[in-house]
Amino acid sequence: MRKLIGAGMLTAALAAASPALAQPVVAVTDPTANGEEGVFSGQYDNGQGNVGYQEGYVGVYEDGVVACNGRPYVVVDQRLQGYVWAGPGQRSSNATVETPGGEAGAGNNSETAGGAPTGSSPCPDGDPQGVGR
């Protein structure tokens, strides 16, 4: 019983001590969105036959900085949607380019390297609306 209580306390302490993965400390969201798709906001395939919505934003996290482009752009047969980051804690799960060790780079979280949808939003915070406003 002591081991179970100790494990529960350790889990709670780790959860409280770790920074929230999807919540920026401060964010400035897409000023062009107005509740609809804006210059930096748009839709993505959520992997369940539906679309998700990603609002563009610039966010400062406890472990890095992110600039999110939620609107897909097609440039020379390559769809660009995702974010650039500085700080290894905000590293993309599907990096297009990154520094050694993942300290900075560009990529997205919504697709695998092969282009299949993951079900995640392109950027770390799928819904930054209202944060830091």
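What you see below is based on every heavy atom in this structure, not just the backbone, and it leaves out hydrogens, waters and symmetry mates.
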Checklist entry - Ignoring hydrogens and geometry, is there a side-chain-to-backbone donor-acceptor pair from Y57 to D125 under 3.5 Å? => result yes

Next on the checklist: Return the CD to CD distance between E111 and Q81, rounded to the nearest 0.5 Å.
Outcome noted: 7.5 Å

Item to check | Non-hydrogen atoms of P72 and G42 that approach each other most closely | outcome: CD-CA, 4.4 Å

Checklist entry - Would you say Y83 and N109 make side-chain contact, with heavy atoms under 4.5 Å? => result yes

Checklist entry - Would you say the side-chain atoms of W85 pair up with the backbone N or O of G107, donor to acceptor, closer than 3.5 Å? => result no

Checklist entry - Any idea which heavy atoms bring Y44 and Y53 closest together, and the distance? => result CE2-N, 3.6 Å

Checklist entry - Heavy-atom distance under 4.5 Å between the side chains of V25 and E62, does that happen here? => result yes

Checklist entry - So which heavy atom on G82 is nearest to which on C123, and how close? => result O-SG, 3.5 Å

Item to check | salt bridge (Lys or Arg N to Asp or Glu O under 4.0 Å) contacts touching residues 80-101 (sequence neighbours left out) | outcome: R91-E98

Checklist entry - Quick one: does S121's side chain have a donor or acceptor within less than 3.5 Å of a partner on Q54's backbone? => result no

Next on the checklist: Between S92 and G105 (side chain of the first, backbone of the second, donor and acceptor by atom type, cut-off under 3.5 Å), is there such a pair?
Outcome noted: no

Checklist entry - Looking just at side-chain N and O atoms, do D63 and Q90 make a donor-acceptor pair shorter than 3.5 Å? => result yes

Item to check | Minimum heavy-atom distance between N69 and V39, given as atom pair plus value | outcome: OD1-O, 4.4 Å

Item to check | ILVMFWY network linking V58 to V66, side-chain heavy atoms under 4.5 angstrom | outcome: no

Checklist entry - About how many Å separate OG of S93 and CG of N108, when rounded to the nearest 0.5 Å? => result 6.5 Å

Next on the checklist: Under a 3.5 Å distance rule, please check whether S41 uses its side chain to pair with a backbone N or O of G56 as donor and acceptor.
Outcome noted: yes

Checklist entry - Under the ring pair (Phe, Tyr, Trp, His ring centres under 6.0 Å) rule, what pairs show up with a residue in residues 104-127, not counting sequence neighbours? => result none

Next on the checklist: Nearest 0.5 Å, please: how far is CG in D30 from CD in E55?
Outcome noted: 6.0 Å

Checklist entry - Does any N or O in the side chain of N94 come within less than 3.5 Å of the main-chain N or O of T112, such that one atom is a donor and the other an acceptor? => result yes

